[in-house]
Every structure is written in structure tokens, then in C-alpha cells.
Asks: 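Encoded as C-alpha cells, here's the structure I'll be asking about.
For the single chain, residues carry numbers from 1 onward in sequence order.
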Amino acid sequence: MLFLWTTTDLGKIWLDGEGFRQIIAKRLPQGYYCQEVSFLGEQNLLNIYITLPDSDAESKKLALEEKFKALFAECGILAEISWLYIAPQDNPKAMPAWRLPIFWAGATALFVSVIRMGFKGVLWAIVAAVLGYGVSWLVLTEDGNKFVDKIVEQFRRR
């Protein structure tokens, strides 16, 4: 997204939000993530939204805030950081799959279905699920509609 910074006699100055996000992301330590940036041109204010692990110390946050404020101050831009805490269960990178409830729900369902339907029945259920997903993807998504249009176009050419 482009942000309007200011208007001069020579024209308007636009800033690239994705460029800001990449500049910030390259300077963040492991485990941190630049979620979003917004810019208020009339105030020269860059709002930075960073997610961080729960366990990090306050001193590390303050050091990062000073780092980004100094970095953007050279350009005449004020930087304000908003910290977003991400719960461990919402961060799949921080938690192994076997610690998620959905994993155990799927494992239990698979176990019971093998016992109740047998291996052959489970395979038929998986095939039905894949077909159902594929057909719904073709019908309901924009990418699926484009794919169908390409196939129809190929048949019209022949």
C-alpha cells in the first residue's frame, strides 16, 4: 500500500508500506514479526505493529523501540510501535503440532474410523473428502473459477 507523505511544488511524495515492513522485518530478532505498518503523512508518523513472544523482557522491547525511532528519525519520520502479543496456541510456529487440540481430534477420529470402517472404508472416506474439497474449490474460489475458465477455453479452441 502506498502512503501519501506530503505534497510539494514538484508533486506528491508517496511511501511504500510494504517497503517499510520489509525494512523493519529485516531488523527484528528471531520470533518477532512485523504484522502491519500504517503511515499518517500529515503527522509524519509511522505506526508499526509487531507481534512478539510472551516471554520476552521489557528491556528488549525498549531497545527495539529506540532502534526504530532512531532509524526513521533520520528521515524526519516519527515511529510509534504497538506490541501485539500472540498466544502460543495461535502461533503454529511456536508450538509443535502434537500439542494442538485439532491434532488430537484428527488422530482420535482416524483411530475410531479405522476400527469402525476398516482400512478400505477409511480410504474411501479420504477419497470422498479430497473430491469434495476439489469440487468446492473449483466452484467457490476465484482461482478455481479461473482454472475452469482455462479448461473451457482449451476445449473451445479444439
Side-chain angles (χ1 to χ4, degrees), residues 1-110 126 128-154 156-157:
M1 172 178 276
L2 294 176
F3 300 110
L4 177 63
W5 186 4
T6 187
T7 303
T8 67
D9 294 338
L10 300 174
K12 296 178 180 179
I13 299 175
W14 295 86
L15 300 175
D16 183 19
E18 182 60 25
F20 274 132
R21 207 179 69 67
Q22 288 177 7
I23 289 169
I24 295 162
K26 288 179 183 177
R27 289 166 174 79
L28 288 173
Q30 187 71 21
Y32 288 73
Y33 177 73
C34 182
Q35 190 79 30
E36 184 69 39
V37 294
S38 65
F39 184 74
L40 299 173
E42 58 275 357
Q43 297 176 9
N44 294 335
L45 177 64
L46 178 67
N47 293 306
I48 306 168
Y49 301 92
I50 299 176
T51 59
L52 70 157
D54 294 346
S55 59
D56 277 6
E58 192 70 27
S59 61
K60 199 170 190 180
K61 286 179 14 182
L62 292 173
L64 281 172
E65 284 183 22
E66 292 303 318
K67 177 180 178 178
F68 288 123
K69 285 180 181 181
L71 176 69
F72 292 111
E74 295 175 9
C75 303
I77 297 173
L78 301 170
E80 184 177 299
I81 298 177
S82 298
W83 298 100
L84 307 170
Y85 294 95
I86 185 164
Q89 66 269 18
D90 295 336
N91 185 3
K93 294 178 186 174
M95 183 174 286
W98 60 270
R99 297 213 37 210
L100 296 173
I102 190 75
F103 171 82
W104 290 107
T108 305
L110 181 64
I126 290 172
V130 169
L131 286 173
Y133 177 84
V135 169
S136 65
W137 180 81
L138 288 172
V139 174
L140 299 175
T141 66
E142 186 176 327
D143 290 337
N145 290 331
K146 289 178 184 177
F147 183 73
V148 169
D149 290 342
K150 286 181 184 177
I151 291 174
V152 169
E153 186 64 32
Q154 289 294 326
R156 286 184 183 165
R157 289 183 185 173

Asks: Quick one: CD1 on Ile126 to CG on Leu131, what's the gap to the nearest 0.5 Å?
Replies: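 With rounding to 0.5 Å, CD1 (Ile126) is 12.0 Å from CG (Leu131).
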Asks: To the nearest 0.5 Å, what is the distance between CG (Leu71) and CD1 (Ile77)?
Replies: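 Separation between the atoms: 9.5 Å.
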Asks: Could you tell me whether the side chain of Leu46 reaches within less than 4.5 Å of the side chain of Leu78, counting heavy atoms only?
Replies: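 No, every pair of side-chain atoms sits at 4.5 Å or beyond.
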Asks: Is Phe39 close to Met1 at the side-chain level, that is, under 4.5 Å between some pair of heavy atoms?
Replies: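 Sidechains of Phe39 and Met1: no contact.
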Asks: What's the spacing between Leu140 CG and Tyr133 OH if we round to 0.5 Å?
Replies: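 If we round to the nearest 0.5 Å, Leu140:CG and Tyr133:OH are 10.5 Å apart.
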Asks: Start with the C-alpha distance between Asp16 and Leu2, add both sets of side-chain angles, then the distance that settles side-chain contact (heavy atoms from CB on, under 4.5 Å), and finish with yes or no.
Replies: CA-CA 5 Å; Asp16 183 19; Leu2 294 176; 4.1 Å; yes
Asks: Determine the minimum heavy-atom distance between Leu52 and Lys61, stating which atoms define it.
Replies: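 So the two residues come closest at CD1-CD, 3.6 Å.
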Asks: Check step by step if side-chain contact (heavy atoms from CB on, under 4.5 Å) holds for Lys146 and Glu142.
Replies: CA-CA 6 Å; Lys146 289 178 184 177; Glu142 186 176 327; 3.5 Å; yes
Asks: Specify the closest pair of heavy atoms between Pro29 and Lys60, including all atoms of both residues, with the distance to one decimal.
Replies: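 Closest heavy-atom pair between Pro29 and Lys60: CG-CE, 4.1 Å.
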Asks: Report the relative orientation of the aromatic rings in Trp137 and Phe147; use parallel for angles under 30°, tilted for 30 to 60°, perpendicular for over 60°.
Replies: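 Geometry flag for Phe147 against Trp137: tilted rings.
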Asks: Search all heavy atoms of Leu64 against all heavy atoms of Arg27 and return the closest pair with its distance.
Replies: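 Scanning both residues, the minimum pair turns out to be CD2-O, 4.2 Å.
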Asks: Surrounding CD of Glu42 (heavy atoms of other residues, nucleotides or ligands, distance under 6.0 Å), is the total greater than 12?
Replies: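 Counting neighbours around CD of Glu42, more than 12 heavy atoms of other residues, nucleotides or ligands fall under 6.0 Å, so yes.
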Asks: Between Glu18 and Arg21 (salt bridge meaning N to carboxylate O under 4.0 Å), is one present in this structure?
Replies: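 Yes, this pair counts.
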Asks: Considering residues, nucleotides and ligands other than Phe103, do more than 12 of their heavy atoms fall under 6.0 Å from its CZ?
Replies: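 Enclosed: over 12 neighbouring heavy atoms sit under 6.0 Å from CZ of Phe103.
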Asks: When rounded to the nearest 0.5 angstrom, what is the spacing between CG in Leu15 and CZ in Phe3?
Replies: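 Going from the CG atom of Leu15 to the CZ atom of Phe3 covers 8.5 Å.
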Asks: Roughly how far, to the nearest 0.5 Å, is CH2 of Trp14 from OG1 of Thr6?
Replies: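 The CH2 atom of Trp14 is 11.5 Å from OG1 of Thr6, to the nearest 0.5 Å.
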Asks: Ile81 and Glu65: which non-hydrogen atoms are nearest, and at how many Å?
Replies: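 Heavy-atom minimum between the residues: CD1-CA, 3.6 Å.
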Asks: Side chains of Leu28 and Phe68, heavy atoms from C-beta outward: is any pair under 4.5 Å?
Replies: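 Answer yes - side chains close enough.
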Asks: Nearest 0.5 Å please: distance from the CH2 atom of Trp5 over to the CD1 atom of Ile13.
Replies: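 So the gap between those two atoms works out to 6.5 Å.
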Asks: Could you report the tightest heavy-atom contact between Trp104 and Thr108, atom names first, then the distance?
Replies: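 Looks like O-OG1, 2.7 Å.
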Asks: Tell me, do Phe72 and Ile24 make a side-chain contact under 4.5 Å, heavy atoms counted?
Replies: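 A side-chain contact exists here, since the closest heavy-atom pair is under 4.5 Å.
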Asks: Could you tell me whether Ile102 atom CD1 has more than 12 heavy atoms of other residues or ligands within 6.0 Å of it?
Replies: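 For Ile102, atom CD1 is not crowded (no more than 12 foreign heavy atoms under 6.0 Å).
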Asks: Test side-chain contact (heavy atoms from CB on, under 4.5 Å) on Phe20 and Ile48; report intermediate values, then the result.
Replies: CA-CA 9 Å; Phe20 274 132; Ile48 306 168; over 6 Å; no
Asks: State whether the side chain of Ser82 and the backbone N or O of Tyr49 hold a donor-acceptor pair below 3.5 Å, judged by distance alone.
Replies: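 Not a single qualifying donor-acceptor pair exists.
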